[in-house]
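FYI, side chains are in, hydrogens and waters are out, and symmetry mates aren't considered; it's all heavy atoms of this structure. Note that the structure is a prediction, hence the values are computed from the model and not measured.
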Amino acid sequence: MGNSVIVHLIRHEKTEANTLRKYLGWTDESIVKSTESFQLPFQPTLVYGSDLKRCVETAKLYFPNVEYKAFFSLRELNFGDFEMNTYEQLKNLSIYRDWIDCPEHITPPNGESYQHFKHRVMECFTQIVNRSSEYTFVVHGGVIRLLLSEFGPSEKTFSEVSADHRTIYTLKWADPNLIKGGLRCESLSAEPIMEKKNL
């Protein structure tokens with residue numbers, strides 16, 4: 001691997017709020033499915049992620065025998081008054097429509113600004129990914145979208161990036177100093193996570 005850095009970003013399994021398409025930020029909800037068996041293309045020795053249940057439980061499901069390091073700073077955006085509501089419930093609010101159009105500059109009422117969210121996630125991420133190695137994260141959709149918008153090989157805004165469940169997003173750099181300098185990765189791939197088939 002030389003001096004290269006490899007980062008795997010995995011979104012947590014779905015929760016009930018996810019299936020109902022609700023905004024789920026700091027509400028500590030468990031995942032819906034916790035008994036399946038999955039086939040992943042690698043087995044890390046350490047997994048990093050959010051301290052919320054859905055990430056902790058997903059890491060245990062995907063990597064049952066691997067140590068998990070939880071960080072408050074890797075939580076999803078705090079959606080404030082939008083939390084646990086759907087688009088249909090919020091669509092008539094002008095502040096919600098403004099936020100949808102420009103999440104980087106509009107803050108949900110009683111929620112977290114994009115700049116604060118970005119600062120805490122980026123600071124935590126760059127402190128962890130600080131040397132040549134392979135890293136695995138189990139985090140939230142918003143965290144992955146932020147990191148892909150900041151470090152993906154092509155320039156895209158947060159709104160232009162998506163992060164699916166059961167997908168491994170893998171970013172590669174030739175040198176850890178490139179990350180410290182805020183430079184984009186050389187390559188990005190997305191690979192589905194498959195359930196093991198019962199024979």
Exercise for review: Any chance you could lay out the salt bridge (charged side-chain N to carboxylate O under 4.0 Å, His left out) test for E150 and K118, step after step, and finish with the verdict?
Suggested key: CA-CA 10 Å; E150 292 294 319; K118 175 180 173 179; 3.2 Å; yes
Point to revise | side chain to side chain contact (heavy atoms under 4.5 Å, CB included) between L93 and L90, worked out | key: CA-CA 6 Å; L93 298 175; L90 298 168; 3.9 Å; yes
Point to revise | Chi angles and distances behind the side-chain hydrogen bond (donor to acceptor under 3.5 Å, both in side chains) call for E83, T27 | key: CA-CA 8 Å; E83 181 82 4; T27 301; 2.6 Å; yes
Point to revise | Pair Y96-Y23, side chain to side chain contact (heavy atoms under 4.5 Å, CB included): steps then yes or no | key: CA-CA 12 Å; Y96 172 71; Y23 287 99; 2.6 Å; yes
Review point. Stepwise, does the side chain to side chain contact (heavy atoms under 4.5 Å, CB included) test hold for N78 with F117?
Key: CA-CA 8 Å; N78 183 343; F117 169 63; over 6 Å; no
**Study point:** side chain to side chain contact (heavy atoms under 4.5 Å, CB included) between L52 and H140, intermediate numbers included
**Key:** CA-CA 10 Å; L52 294 175; H140 306 276; 3.9 Å; yes
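The heavy-atom pair separating D164 from Y169 by the smallest distance is N-OH, 2.8 Å. Residues T136 and F42 come closest through the heavy atom pair OG1-CE1, 3.3 Å. The shortest heavy-atom contact between E57 and S30 is OE2-OG, 2.8 Å. Pairing each heavy atom of Y68 with each of C55, the nearest pair is OH-CB, 3.4 Å. Considering every non-hydrogen atom in both V161 and R145, the closest pair reads O-NE, 2.8 Å. A pairwise comparison of heavy atoms in V66 and P44 identifies CG2-O, 3.2 Å as the closest pair.
Put simply, V5 and L46 are part of the same group of oily side chains (I, L, V, M, F, W, Y) that touch within less than 4.5 Å, one to the next. Grouping the Ile, Leu, Val, Met, Phe, Trp and Tyr side chains by contacts below 4.5 angstrom, directly or via other members, places F79 with L146. Follow the hydrophobic side-chain contacts under 4.5 Å out from L77 and you reach V139 in the same cluster. Residues V56 and V47 are members of one and the same hydrophobic cluster, defined by side-chain heavy-atom contacts under 4.5 angstrom among Ile, Leu, Val, Met, Phe, Trp and Tyr. In the hydrophobic clustering of ILVMFWY residues, with side-chain heavy atoms under 4.5 Å counting as a link, L74 and I31 come out apart.
Side-chain contact check for F125 versus V143: every heavy-atom pair is 4.5 Å or farther apart. Looking only at side-chain heavy atoms (C-beta outward), S132 and S4 stay at 4.5 Å or farther from each other. Residues L178 and D175 are in side-chain contact: their nearest non-hydrogen atoms beyond the backbone lie under 4.5 Å apart. Residues T107 and Y114 are not in side-chain contact: their nearest non-hydrogen atoms beyond the backbone lie 4.5 Å or more apart. The closest side-chain heavy-atom distance from K196 to E36 is not below 4.5 Å. Side chains of F72 and W26 form a contact here, defined as non-hydrogen atoms less than 4.5 Å apart. With a 4.5 Å cut-off on side-chain heavy atoms, N85 and K22 do not count as touching.
No more than 12 heavy atoms of other residues, nucleotides or ligands sit less than 6.0 Å from atom CE of M194. In this structure, E155 places its CD atom where only 12 or fewer heavy-atom neighbours from other residues, nucleotides or ligands lie under 6.0 Å away. For Q89, the CD atom counts as densely surrounded, since its 6.0 Å shell holds more than 12 non-hydrogen atoms of other residues, nucleotides or ligands.
Between the side chain of D28 and the backbone N or O of K53 there is at least one donor-acceptor pair closer than 3.5 Å. With W173 contributing its side chain and L183 its backbone, the two residues share a donor-acceptor pair below 3.5 Å. The backbone N or O of A163 sits less than 3.5 Å from a side-chain atom of R11, completing a donor-acceptor pair. With hydrogens and angles disregarded, no donor-acceptor distance shorter than 3.5 Å links the side chain of D98 to the backbone of I95. Without hydrogens or angle criteria, E186 side chain to A174 main chain gives a donor-acceptor distance under 3.5 Å.
Within the model, atoms CG of L171 and CG of L148 stand 6.0 Å from one another, a figure rounded to the nearest 0.5 Å. Taking CD1 of I144 as the reference point, atom OG1 of T167 lies at 8.5 Å (rounded to 0.5 Å). We find the NZ-CD1 distance between K69 and I128 to be 8.5 Å, quoted to the nearest 0.5 Å. E76 contributes atom CD, which lies 9.0 Å from atom OG of S50 (distance to the nearest 0.5 angstrom). One finds the CD atom of Q43 at 8.0 Å from the CG atom of N65 (value rounded to the nearest 0.5 Å).
Partners of E123 under the side chain to side chain contact (heavy atoms under 4.5 Å, CB included) rule, at least two apart in sequence or in another chain, are H119, Q127. For T170, the side chain to side chain contact (heavy atoms under 4.5 Å, CB included) test picks out I6, H8, I168, K172, S189, with sequence neighbours left out.
The side-chain contact (heavy atoms from CB on, under 4.5 Å) test with K14 singles out one residue from T19, L20, T58, and that residue is T19.
A tilted orientation is assigned to the rings of Y48 and Y135, their planes being inclined by 30° to 60°. Relative ring orientation between W99 and F82 is described as tilted, the plane-to-plane angle lying within the 30° to 60° band.
No cation-pi contact links R184 to F151, judged by a cut-off of 6.0 Å to the six-membered ring centre and 45° from its axis.
With hydrogens and angles left out, the side-chain atoms of E160 and S149 include no donor and acceptor closer than 3.5 Å. E13 and Y62 are linked by a side-chain donor-acceptor pair at a separation below 3.5 angstrom, with hydrogens and angles left out of the test.
Salt bridge present: R75 and D51 bring a charged side-chain N and a carboxylate O closer than 4.0 Å. Between E88 and R21 there is no salt bridge, since none of the side-chain N atoms of the basic residue sits less than 4.0 Å from a carboxylate O of the acidic one.
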